[in-house]
Amino acid sequence: MNLTKRQCIRFSRIVYQGCGINLHEGKQQLLQAIIPFSFGSASILNALQKVNSISGVRRHRVEKYFRKGQRKWAGYIKVKLVEPRASAIFLISTNTLSPAYMLNNSRDVNSSLLTKIDHEYKKIPNLQINKGVMIAIIDYKAGNLTSVQRALWFLGMECVVTHDYSRIMSAERIVFPGVGAAGSAMADLRAMDLDKAIIEAFHVGKPILGICLGTQVIMEASEENDTKCLGVIKGQTKRFPEVFTDHNGHRLKVPHMGWNRVSFKRRHPLLDGIGPENEFYFVHSYYPEPSDPAKVLGQTDYGIVFPSVLVSGNLVATQFHPEKSGQPGLRILANFCKWSGKDHVE
Amino acid sequence: MLSKRIIPCLDVRDGKLTKGIKFEGNVDIGDPVDIAAWYYEEGADELVFYDITASSERRDIMIETVRKVAEKIFIPFSVGGGIRTIEDMRLVLLAGAEKVSVNSGAVRNPEIIALGSQAFGSQCIVLGMDVKKVTPSDTIPSGYEVVVDGGRTDMGLDALAWAKQGERLGAGEICLNSIDADGTKEGYELTLNTLISSNVNIPVIASGGAGTPEHIFEVLVGDKADAALIASMTHYGNYTIKDIKEYLHKKGVRVRMNW
């Protein structure tokens, strides 16, 4: 007996909505094989069409498990059928989905089972998120903070949006996002002493991720409002030319808005699992240009080839928005959350 | 180089999804959060939500929808419909939308574009324009007139002049809807798109009339539009985003193929 494609799709959607786990095609095939096996009877199979709740999902367990070639699971979902009453638990990793336990006629997951799952879970060191390890998202009134926060939550990370010096300095790592103009951003940063906090955090070696405007004001100065910036990386932030064209003579618009590729100059832990075919969401009129070409990790072609990913020791910075770039963007954020801050491939 | 964007548009009323044909006879076809998550997985490059809720008291339903969508999808999306004040914009953006789209509200009070772009940055202000073809005259030299209230009210405003004014005021993008083509499934209004796109320096999203992947190809090739808005052709399962993108890719239009 097989699930119909429709049932599979419906199931995947419920799982995705319930816990953010993406059952892609490969996993749907496994689902095909496993669901009838776990539930066992035609009546329950039919009832799958009526699945309306997924519970027992703990968001912090749903972190994607990226290491290739390992078949350890990274989270679990519990599927509850209302009529007839039945539940099953599935363990999930990046390349497998397996039925763990099936509980017929039970209202809730029994607690010893959960303890067992917790125990298994703790055996996987890479997935453990230390309590109190916090990501500080620098709050300087620039928009877009909530989307970064939501993306980090989705990855199961704990984070705070803050402009408090001590919280920033006690965080394990720092995200420095931003949308808006360099002039007012720098004025706000200075007014809240956040410029000093970022520079200090950089010098003590905390992993820092700059995004968009955050990336631009890390440079020494920006052409936007002729602004003196943080100077963590030597070089300028420049504007795209007023009038310019692509290689076929088509006029190019500013801002550079939409999806574009990045060609990477070398490997880096931030780029684990990212390839030249991936595209990222950009929206900007200015771009950073470090004086030292070695600081450029990735470049993007928009009429001119401009630096779109920078690296300097424990600082990485993207001109695009990883939090708005779908799966590859989430992957970069997840890589950042695991990154030691050392600039070599581990 | 930049990929051309395929943007499904979801009309929402009282927290439920609708799709209007010629702005009339709308019927509910599902939960917007559901469909948004589905389109995200399917490879949409961006989403547009258009709130056609009649009463302003029920706006909080839309804000709640936006919040739920923002937790599930990690691509940009914009929200439009009934945006009249800076406060309306702030609520939508704080709930997690990347962009906010102004239409009738901006025609009646153009200053909102300037205020919005100063407060939140021009990248998040989309100028939505509903346009219909008329005989060129002194007031409407381009032969395209801006209409509001879902096409019911003529404004005596030239579409080209309005697009340029919108750009000057600080709009970051224009979503250009032809109400003549809307719902016909016979293709975009190419002349209109060429006219506006070649006269402004901000991205233009073509809207109204998409029925087949070929229609999308026609409007995205050359300089007519930077993105294509679609609705019924994918809502009802006639095509998937993947079908459309594969077609465009084969025809040499750069689109995002990996997601």
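In what follows, chains are A, B, ... by sequence order, proteins preceding strands, each numbered from 1.
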Set out, in order, the CA-CA distance, both residues' side-chain angles and the distance that settles side chain to side chain contact (heavy atoms under 4.5 Å, CB included) for Arg256(B) and Phe280(A), then state yes or no. CA-CA 9 Å; Arg256(B) 183 174 67 115; Phe280(A) 300 92; over 6 Å; no
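Here the CG atom belonging to Asp246(A) is positioned 4.5 Å from the CE atom belonging to Met1(B), to the nearest 0.5 angstrom. One distance of note links CE of Met257(B) with CG of Asn278(A); it measures 13.5 Å at 0.5 Å rounding. The structure places CH2 of Trp259(B) at 15.0 Å from OG of Ser325(A), a figure rounded to the nearest 0.5 Å. Taken from CZ in Phe282(A) to CG in Leu2(B), the straight-line distance is 9.0 Å, to the nearest 0.5 Å.
Annotation for His250(A): atom NE2 counts as buried by contact number, over 12 foreign heavy atoms lying within 6.0 Å. Residue His163(A) qualifies as open at atom NE2: its count of foreign heavy atoms under 6.0 Å is 12 or below. More than 12 heavy atoms of other residues, nucleotides or ligands lie within 6.0 Å of CD in Glu277(A), so this atom counts as buried by the packing criterion.
Within the 4.5 Å cutoff, the side chain of Phe154(A) has no heavy atoms near those of the Glu71(B) side chain. Two residues are said to be in side-chain contact when any heavy atoms from C-beta on lie closer than 4.5 Å; Arg67(B) and Thr146(A) fail this criterion. The closest side-chain heavy-atom distance from Arg254(B) to Trp259(A) is not below 4.5 Å. Looking only at side-chain heavy atoms (C-beta outward), Asn258(B) and Glu279(A) stay at 4.5 Å or farther from each other. Using a 4.5 Å cut-off on side-chain heavy atoms (C-beta onward), Arg5(B) and Met257(A) make contact.
Considering every non-hydrogen atom in both Asp223(B) and Arg251(A), the closest pair reads OD2-N, 4.3 Å. For Lys253(A) against Ser197(B), the heavy-atom pair with the smallest separation is NZ-OG, 2.9 Å.
Chain A forms the most heavy-atom pairs under 4.5 Å with one residue out of Asp45(B), Val255(B), Leu93(B), and that residue is Asp45(B). Ranked by heavy-atom pairs under 4.5 Å with chain A, the first of Gly121(B), Gly96(B), Pro76(B), Ala119(B) is Pro76(B). Between chain A and the residues Ala70(B), Ala227(B), Gly43(B), the most heavy-atom pairs under 4.5 angstrom are made by Ala70(B).
The part of Ala95(B) that comes within reach of chain A is its backbone (N, CA, C, O), which places non-hydrogen atoms under 4.5 angstrom from that chain. Looking at Tyr281(A), only its side chain comes within 4.5 Å of chain B, counting heavy atoms on both sides.
Judged by distance alone, with hydrogens and angles left aside, the side-chain atoms of Lys324(A) form no donor-acceptor pair with the main-chain N or O of Phe74(B) at under 3.5 Å.
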